[in-house]
**Student:** 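One structure follows; several queries about it will come next.
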Amino acid sequence: MNRLFQASVINNEKLVKDHYLLTLHPLEKIKKPKPGNFFMVAVNKGLDPLLRRPISIHRWLDGDFQLLYRVAGKGTSILSRNKPGDILEILGPLGRGFPLNIKSENIILVAGGLGIAPIFALAESLAGKNLSLFYGARTKTEVLCTRELNTIGVDPVISTDDGSLGGKDNIVNVLKRHVTRNPSLVTDHVLYACGPGPMLKALSMFAIKYKLKGHIALEQNMACGLGTCLGCVVKTSKGYKRVCKEGPVFSIEEIVW
Amino acid sequence: MANKKSIDLTVNIGKLKLKNPVMTASGTFGYGDEYAEFVDLNKLGAIVVKGLSLKPKEGNPPPRIVETPAGMLNAIGLQNIGINNFIKKKLPFLRQFNTPVIVNFFGDSIAEYVRAAEKLSAADGVHALEMNISCPNKQAGWSIFGTDPKVTYKVVSEVRKAADKTLIVKLSPNVTDIGLMAKVAEDAGADAVSLINTLTGMAIDIKNRRPRLANIIGGLSGPAVRPVAIRMVWQCYKAVQIPVIGMGGIVSAEDAIEFILAGASAVAIGTANFISPKITEDIINGIESYMAEEDIKSIKALTGAVQC
Ligand SMILES: Cc1cc2nc3c(=O)[nH]c(=O)nc-3n(C[C@H](O)[C@H](O)[C@H](O)COP(=O)(O)OP(=O)(O)OC[C@H]3O[C@@H](n4cnc5c(N)ncnc54)[C@H](O)[C@@H]3O)c2cc1C
Ligand SMILES: Cc1cc2nc3c(=O)[nH]c(=O)nc-3n(C[C@H](O)[C@H](O)[C@H](O)COP(=O)(O)O)c2cc1C
Ligand code: FES
């Protein structure tokens with residue numbers, strides 16, 4: 001199955017300001033992505049922007065799939081102007097996703113902002129296990145997918161930077177308080193997280209302190225997405241590793257912050 | 001219109017005969033394996049692999065790349081797996097194809113260049129060497145080998161003695177007189193010169209007032225550099241008798257033909273592989289179509305055919 005394919009836009013729905021849910025129909029059969037895998041999307045055919053933009057799988061719909069993205073700059077802004085019927089050229093699925101084959105029945109999921117995009121995919125794959133989702137966003141309107149989370153039986157603990165929904169706090173602090181009140185949360189639980197760098201760093205420090213095992217999905221500027229340019233590395237205990245190839249999912253203890 | 005079958009795309013670079021003039025640019029095609037899924041590696045003129053050194057090299061801290069208008073800056077820091085690992089782990093895969101493998105290499109001293117060249121010359125399946133002289137010289141306060149004509153002459157002539165395979169010298173564009181540097185490489189025994197390597201550049205994030213690359217300075221590549229590269233290829237073509245391999249911002253067959261008209265015998269595709277992993281094949285097909293339409297029988301006839 002070809003990892004370089006075309007897909008037609010079924011829908012490119014604006015959820016709230018700057019946040020879009022893009023539903024795509026591949027014009028040929030593609031490899032089923034795993035949660036944590038990503039696609040390199042060519043947002044246009046011209047030279048500006050030049051490079052593809054990495055976006056995580058958000059939802060697999062039996063051959064069709066969805067991407068959830070935030071307008072961060074030029075590339076995602078062009079992407080947001082796509083209309084149903086438009087054709088996009090896409091490379092993927094790429095990278096190593098979250099390990100799904102785990103013994104533990106108790107899972108802590110942590111999402112910061114758009115980190116919910118892959119964390120939702122993961123929650124859907126792990127549905128049936130005991131999932132606790134901690135979800136932080138900037139403000140109430142940017143808390144996404146709550147209805148879909150409820151359908152798969154996940155009731156998130158929410159916090160926002162401005163306190164418009166849930167507590168006014170950052171989500172790592174919220175998790176810390178939960179753990180202090182309920183220490184069993186760190187025994188026999190596995191942690192999975194995706195979000196902004198500073199959040200993942202704070203979370204990793206916390207997890208290491210409490211000996212909580214888990215995996216985080218990282219971001220880095222990318223050019224090829226295939227492991228050849230060596231542009232997307234992060235520092236690990238075993239030297240530099242490529243986010244696009246050995247990642248984007250890494251185990252918590254592996255990353256050197 | 002010429003029949004596609006009668007079109008002669010072959011070109012000669014030193015002892016190598018390439019089936020067409022399109023190769024990959026070092027550092028943008030890995031060691032070939034990641035691209036086999038998208039490109040028929042047998043179709044390429046040559047595969048040029050990521051720059052290698054005697055010992056593996058860790059490279060620079062991230063962020064290492066940043067996009068700029070119609071281009072990108074990179075400061076990978078020559079990260080590579082080392083010549084021994086390449087020979088053991090990557091070369092067996094590449095030997096399966098009927099496409100010459102050109103190994104790009106570098107060192108931080110003349111002695112290291114020479115030892116690397118000896119090792120690669122002895123390796124079965126390495127068809128030619130491309131020496132990257134855009135890297136820092138330990139013995140000369142880390143100034144760049146390829147910017148001082150005397151140092152360039154010395155390092156190229158020493159490597160020439162150690163290498164019996166076709167030797168391509170990849171010139172640094174960060175010099176005042178590129179024609180002079182090409183002539184120096186030719187006089188020192190190079191079989192061909194290739195250019196351009198990346199142009200040094202810098203980008204600043206105006207919000208946090210910090211450089212966008214951890215290394216502060218990086219190398220600019222992509223369409224943004226193309227006119228500079230075309231000019232330099234033309235100057236080198238006029239300065240030397242040996243073949244010139246042109247690169248810098250090629251994203252289409254038209255761009256490749258522009259380089260050939262400026263004086264390139266062959267071209268290399270770099271950053272464009274990141275835009276589309278199958279672009280090398282598209283460019284080969286495009287060159288063939290152009291020749292059919294323009295009724296050109298041999299690509300060799302186009303080299304340097306710009307009328308000034
Ligand atoms: C593995 C991975 C998965 C991702 N998944 C999602 C997702 O599901 N939803 C989502 O909204 N965003 C996701 N991102 C982030 C997304 O790729 C960037 O927001 C996007 O590339 C910005 O492009 P732009 O042209 O709109 O903005 P730009 O103006 O180019 O930049 C805005 C910001 O994005 C960063 N950025 C720019 N280019 C890249 C690049 N090539 N790779 C990574 N970051 C870049 C810049 O450093 C800058 O901070 C993911 C990134 C990675 C690496
Ligand atoms: C990510 C990256 C890595 C590179 N690594 C090397 C290298 O190891 N050795 C080398 O001689 N040139 C290296 N180059 C330079 C390219 O081979 C080429 O000379 C340059 O990028 C111009 O061509 P382009 O505009 O088509 O990319 C690298 C370029 C890029 C973008
Ligand atoms: S993006 Fe090129 S190696 Fe990861």
Side-chain angles (χ1 to χ4, degrees), chain A residues 1-6 30-31 40-54 72-76 88-95 197-198 218-236 238-247 255-257, chain B residues 24-39 49-51 56-81 203 212-214 218 221-224 226 249 251-252 255 270-279 282:
Chain A
M1 266 174 282
N2 204 340
R3 288 200 296 169
L4 185 64
F5 63 93
Q6 295 195 322
I30 67 161
K31 196 172 161 222
M40 292 291 273
V41 181
V43 296
N44 62 0
K45 292 207 171 62
L47 301 177
D48 188 21
L50 187 69
L51 302 171
R52 290 164 186 261
R53 293 298 188 253
K74 193 178 263 166
T76 42
L88 289 171
E89 208 210 57
I90 298 175
L91 179 62
L94 303 168
L218 298 181
E219 286 188 9
Q220 189 59 270
N221 291 358
M222 291 186 176
C224 69
L226 293 165
T228 58
C229 75
L230 307 177
C232 65
V233 300
V234 287
K235 193 163 190 151
T236 75
K238 294 201 190 78
Y240 290 123
K241 286 192 179 177
R242 298 164 293 185
V243 170
C244 72
K245 190 92 178 178
E246 286 84 32
I255 300 300
V256 178
W257 292 96
Chain B
T24 61
S26 177
T28 63
F29 209 71
Y31 304 106
D33 42 353
E34 280 97 348
Y35 282 92
E37 176 187 348
F38 307 102
V39 181
V49 299
K50 172 70 187 163
K57 214 168 165 295
E58 207 189 12
N60 287 330
R64 290 178 171 185
I65 53 174
V66 59
E67 191 174 323
T68 56
M72 63 180 278
L73 284 170
N74 87 78
I76 307 300
L78 296 167
Q79 180 182 340
N80 76 93
I81 59 174
R212 287 186 181 271
L213 295 172
S221 66
R226 196 192 307 137
V251 299
S252 68
D255 300 342
T271 303
N273 289 299
F274 307 151
I275 304 174
S276 169
K278 66 173 180 64
I279 203 156
D282 296 344

**Student:** Given heavy-atom pairs under 4.5 angstrom as the criterion, report whether the side chain, backbone, both or neither of A:M40 touches chain B.
**Tutor:**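 Contact with chain B is absent: no heavy atom of A:M40 under 4.5 Å.
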**Student:** Select one option (side chain, backbone, both, neither) describing which atoms of B:N60 are under 4.5 Å from chain A's heavy atoms.
**Tutor:** backbone
**Student:** Taking all non-hydrogen atoms of both residues into account, name the closest pair between B:F274 and A:C224 and its distance.
**Tutor:** CD2-CB, 3.5 Å
**Student:** Please give me the minimum heavy-atom distance between A:L230 and B:R64, naming the atom from each residue.
**Tutor:**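 In this case the closest contact between A:L230 and B:R64 is O-NH1, 2.8 Å.
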**Student:** Nearest 0.5 Å, what's the CD1-SG distance between B:I65 and A:C229?
**Tutor:** 4.5 Å
**Student:** About how many Å separate CG of B:N74 and CG of A:N221, when rounded to the nearest 0.5 Å?
**Tutor:** 12.5 Å
**Student:** Which region of A:K245, side chain (C-beta onward) or backbone (N, CA, C, O), has a non-hydrogen atom less than 4.5 Å from a non-hydrogen atom of chain B, or is it both or neither?
**Tutor:** side chain
**Student:** I'd like to verify something: which residue of B:A224, B:G222, B:P277 has the highest number of heavy-atom pairs under 4.5 Å with chain A?
**Tutor:** B:P277
**Student:** Which answer fits B:T68, side chain, backbone, both or neither, if we ask what part of it has an atom under 4.5 Å from a heavy atom of chain A?
**Tutor:** neither
**Student:** Give, as side chain, backbone, both or neither, the part of B:F29 having an atom under 4.5 angstrom from any heavy atom of chain A.
**Tutor:** backbone
**Student:** May I ask you to name which of A:G46, A:G225, A:P49 has the most heavy-atom pairs under 4.5 Å with chain B?
**Tutor:** A:P49
**Student:** Given heavy-atom pairs under 4.5 angstrom as the criterion, report whether the side chain, backbone, both or neither of B:Y35 touches chain A.
**Tutor:**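 When you check distances to chain A, only side chain atoms of B:Y35 fall under 4.5 Å.
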**Student:** Over all heavy atoms of both residues, which pair between A:L47 and B:V251 is shortest? Give the atoms and the distance, please.
**Tutor:** CD2-CG2, 4.3 Å
**Student:** Quick check on B:P63 against chain A: is it the side chain, the backbone, both or neither that has a heavy atom closer than 4.5 Å?
**Tutor:**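 Backbone plus side chain of B:P63, per the 4.5 Å heavy-atom cut-off to chain A.
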**Student:** Where is the tightest heavy-atom contact between A:A223 and B:M72, given as atom of each residue plus distance?
**Tutor:** CB-CE, 4.0 Å
**Student:** With no hydrogens and no angle check, is any side-chain donor or acceptor of B:E67 less than 3.5 Å from a backbone partner on A:L50?
**Tutor:** yes
**Student:** Measure across B:S276 and A:L4 and return the closest heavy-atom pair with its distance rounded to 0.1 Å.
**Tutor:**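 B:S276 and A:L4 have their closest heavy atoms at OG-CD2, 4.4 Å.
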**Student:** Kindly give the heavy-atom pair with the smallest separation between B:P62 and A:Q220, and that separation in Å.
**Tutor:**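 Taking B:P62 first and A:Q220 second, the nearest heavy atoms are CB-NE2, 3.5 Å.
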